[in-house]
> 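Pasting a structure below so you can have a look.
As a basis for the values below, the full set of heavy atoms in this structure was taken, side chains included, without hydrogen atoms, waters or symmetry mates. Below, chain A is the first sequence line, B the second, and so on; all start at residue 1.
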Number of protein chains: 2
Amino acid sequence: MHNNYFHIFTATNMKNQKRTTIYDIARKLNLNASSVSRALSNTSKVSEATRKLILDTAREMNYQPNSLASNLRRGSNRTIGVIVPRINQNFFADIIAGLEEITYENGYNLVICQSNESYKREVECVNTLINQQVNCIVMSVAAEFEDDEHIRNIQKNGIRLIQFDRVADELDTLKVLNDNRQASVEAVSHLVEQGYRRIALLEGPQNLNIFRQRKEGYLQALAEHGIEVRPELMKVNAWTQELSAEATRELLALSDPPDAIFASTSDFSALGVLQVATELGLTVPDQLGICGYSNEAFTEITNPSITTIDQHSVEMGNAIARLYFREAKLDATASGPKTITIKPQLIIRESSSRHKF
Amino acid sequence: MHNNYFHIFTATNMKNQKRTTIYDIARKLNLNASSVSRALSNTSKVSEATRKLILDTAREMNYQPNSLASNLRRGSNRTIGVIVPRINQNFFADIIAGLEEITYENGYNLVICQSNESYKREVECVNTLINQQVNCIVMSVAAEFEDDEHIRNIQKNGIRLIQFDRVADELDTLKVLNDNRQASVEAVSHLVEQGYRRIALLEGPQNLNIFRQRKEGYLQALAEHGIEVRPELMKVNAWTQELSAEATRELLALSDPPDAIFASTSDFSALGVLQVATELGLTVPDQLGICGYSNEAFTEITNPSITTIDQHSVEMGNAIARLYFREAKLDATASGPKTITIKPQLIIRESSSRHKF
DNA sequence: AATTATTATGCAATCGATTGCTTATTGTAA
DNA sequence: TTACAATAAGCAATCGATTGCATAATAATT
């Protein structure tokens, strides 16, 4: 794998040079390290003259503060740890980008871990971040969930915890959520308004709260519109493109097949549906309506374009980071857990826009 | 922005508990901290009995090692810093995911920064990572490039540096590159083989090496096939979907317009081309051939699907991390800079597959 | 000019783990 | 049983920055 498309060749070299410390600066100026520290951190208590002298010398000696030392002393890292199932999944990549914007503004850093949807990895990630003394852990739990002891352990160690999107509901932590239920209600209601009546649901793993909520929203919308629930129209664990394609084939083979499919798991699922519909020669949206979830970039480009739900992921990342910094200020007073709910937005596109019956 | 789709409500609380240190364990067992340290780090010199005792007590007291302290003492972080222009761009997200896989296996962490294509931000990111004493910095330079002093500074501080994809060529560092030139040669040759003769090029900013190389490849392929270079077919800085669309309109308005366009900057550019072609009623690939770059997920889904170049991004991330760990082992001996070149792969799809003339 | 109030600087402990060196303990060989 | 080797455990310095407290130097007040 990491072998046959590589060509390797060598060049020259580098060397280690000992770093300048505040002691080096102090020695050179015949001062005490504490003064240097004060000058650099700008904590009054130093005369303007020496401060200037110190800053100049620092620059001249190419001084770079050693964060490890100051972190140890201060017992803080100015770092936020992030644990996501997959870094390179659009939603999470956007969340991270959103987090980064705000943490950067505040002079904090981000340490990233991915659990790969594995419980074991998730526990390890948590431990690493605890050892690193990060100030805060931001996480979305892995699909494989066994126990929340590791999550509790975060708080035991005095580290702030913000859960987002996929959360361990029962835990009393800061949470930033999408209103999945509401979004699903809107999506399904939209389908109903477009004249679809036999609406199928592709579900994600029900151990994850987000997928349960989306299902609830689906049921709620049907109820609100007085549409009977047909269990055979609800397919479990259809959360990849392939699984969804398969589920779609089964659905369309029913004697009374659906006239619309709400792929509540992702846009990739919706894509699977579209693919099968195309194969079977069904016209979308006329014969089959489709709605996905997440507003992946490609939904705009497919033919027909796909109706979906935008989760405001980057803004969600921003919100998470802002929540941390706001709470951090209240610090000792520890105002306690809050939940922020972000309202996703239904994006109506061709795949569900039936030219009125 | 971070206000109108939020609902906030409050719940209960958490508290700080002082962390257990090796001293606590030592005190409890009437031992010296050094023994505890040795037992935990598994450096012989401790009897089996006491080691077991210590480990058990550690568990019981919920001990979590303080990495800040040991990092300071060891002068190392077991951390790799990553600087990319944008975290949530497919290529970079994949690189990061690839990096993470391998660094995780080796017990290292990843600190992520994004330069947002800004030179100033890039410099700041570099400084932060130097202060953090990361073991290695992995970076791809921002489009806005002024000077490489900050990059040199990395090495001055004894930190390993691996540049990838967009690199400061003149610097003598570890590099992991795509063979952009070769990939472009193949792409353009493919177009020629499909019978296209008036092949246009959409270029990226020429201050970035990768875009220069892609242009070189284009020129080389034309030369190899004895096709005359027409400067008016080469459009600079067409590196967003919008800019490319505009460039395409200009190209197609020429008296002798191109019959194929190589959007060497990205698949988004290719999308811009496709969009304009559709607008103008040109059939792709018959009247106009299109080739993009990057193999974004959507290229497979568009209609027609888009021919493009896969950069093996995740594998590239793996390769970068492996390079670091391999080099780290040679450590003192410092075998010196190497370059690894990854061969991208041309993915031929509908947008360039002309049913032979 | 003498005394007090301010400000600048130095001193030394601290954060928690690591590690070279010394000392105590146990085991082995003669 | 004595001498010596091997192993276990303790001591103390160290990594570099921060910070409360003490002292020195300067400015302000009467």
Side-chain angles (χ1 to χ4, degrees), chain A residues 16-55 57-58 61-79 128 130-135 157-158, chain B residues 16-55 57-58 61-79 128 130-135 157-158:
Chain A
N16 277 26
Q17 204 173 309
K18 222 176 297 122
R19 294 167 64 112
T20 326
T21 72
I22 54 170
Y23 294 97
D24 299 329
I25 301 179
R27 204 170 309 122
K28 181 155 187 177
L29 295 178
N30 224 349
L31 281 172
N32 188 282
S34 54
S35 299
V36 178
S37 169
R38 287 179 183 122
L40 293 168
S41 64
N42 217 15
T43 344
S44 56
K45 297 301 191 123
V46 204
S47 74
E48 260 320 308
T50 52
R51 144 162 312 130
K52 180 153 179 0
L53 194 60
I54 289 172
L55 293 183
T57 317
M61 297 177 77
N62 193 26
Y63 169 75
Q64 298 280 141
N66 183 333
S67 322
L68 296 183
S70 65
N71 286 344
L72 172 61
R73 180 62 227 255
R74 282 198 324 261
S76 148
N77 226 352
R78 292 179 194 280
T79 291
T128 311
I130 292 179
N131 298 350
Q132 299 227 340
Q133 314 254 72
V134 296
N135 292 62
N157 279 278
Chain B
N16 278 27
Q17 202 172 308
K18 223 176 295 123
R19 295 167 62 114
T20 329
T21 72
I22 54 171
Y23 294 97
D24 299 328
I25 301 180
R27 204 171 311 120
K28 180 156 188 177
L29 296 179
N30 225 348
L31 282 171
N32 189 281
S34 55
S35 300
V36 177
S37 169
R38 288 182 182 119
L40 292 168
S41 64
N42 219 15
T43 342
S44 58
K45 296 301 189 128
V46 202
S47 73
E48 259 319 307
T50 53
R51 148 164 309 131
K52 181 152 175 0
L53 194 61
I54 290 173
L55 293 183
T57 317
M61 297 178 75
N62 193 25
Y63 169 75
Q64 298 280 142
N66 182 333
S67 324
L68 296 182
S70 64
N71 287 343
L72 172 61
R73 180 62 228 255
R74 284 198 323 262
S76 147
N77 226 353
R78 292 180 192 280
T79 290
T128 311
I130 292 179
N131 297 350
Q132 300 229 340
Q133 313 255 71
V134 296
N135 292 63
N157 279 278

> Could you go through nucleotides 25-28 of chain D and list every protein N or O atom that sits under 3.5 Å from one of its N or O atoms, giving the distance for each pair?
none

> Can you name the residues that form a side-chain contact (heavy atoms from CB on, under 4.5 Å) with A/Leu29, not counting sequence neighbours?
A/Ile25, A/Leu31, A/Leu53, A/Ile54, A/Thr57
> Under 4.0 Å from OP1 or OP2 of C/dT9: is there any side-chain N or O of A/Thr50 that close?
yes
> Of all residues at least two apart in sequence or in a different chain, which pass the side-chain contact (heavy atoms from CB on, under 4.5 Å) check with A/Arg73?
none
> If we ignore hydrogens and angles and just use 3.5 Å, is the side chain of B/Asn77 paired with the main-chain N or O of B/Gln132 as donor and acceptor?
yes
> On a heavy-atom basis, which atom in B/Thr20 and which in B/Tyr63 lie closest, and how many Å separate them?
O-CD1, 3.2 Å
> Base, sugar-phosphate, or nothing: which does B/Asn30 touch, judged by heavy atoms less than 4.0 Å apart?
sugar-phosphate
> Between CG of B/Asn71 and CG of A/Leu72, what distance do you get to the nearest 0.5 Å?
9.5 Å
> Work out which heavy atom in B/Leu55 is nearest to a heavy atom in B/Ala39; give both atom names and the distance.
CD2-O, 4.3 Å
> So, for B/Gln133 and A/Asn66, which heavy atoms are closest and what is the spacing to 0.1 Å?
NE2-ND2, 2.9 Å
> Which heavy atom of A/Asn131 sits nearest to which heavy atom of B/Gln64, and what is that distance?
OD1-NE2, 2.8 Å
> Looking at every heavy atom in both B/Arg38 and B/Arg51, which two are closest together, and how far apart are they?
O-NH2, 4.1 Å
> Tabulated below should be each protein N or O lying under 3.5 Å from an N or O of nucleotides 23-27 of chain C; please produce it.
none

> For a quick check, with a 4.0 angstrom heavy-atom cut-off, what is the B/S/- contact string for nucleotides 14-20 of chain C, read 5' to 3'?
BBBBBBB
> Send over the distance from A/Leu29 CG to C/dG10 P, rounded to a whole Å.
10 Å
> End-to-end bend of the helix from C/dA1-D/dT30 to C/dA30-D/dT1 (five-pair axes, 10° rounding)?
40°
> Calculate, to the nearest 0.5 Å, the distance between atoms OG and CD1 belonging to B/Ser35 and B/Ile22 respectively.
9.5 Å
> Should B/Ile130 and A/Arg19 be marked as a side-chain contact (heavy atoms from CB on, under 4.5 Å) after you check the CA-CA gap, both sets of side-chain angles, and the distance that decides it?
CA-CA 11 Å; B/Ile130 292 179; A/Arg19 294 167 64 112; 4.0 Å; yes
> Starting at CD of A/Glu48 and ending at P of C/dT9, how long is that distance when rounded to a whole Å?
11 Å
> Locate the shortest heavy-atom distance separating A/Ala26 from A/Ala33; write the atom from each residue and the value.
CB-N, 3.6 Å
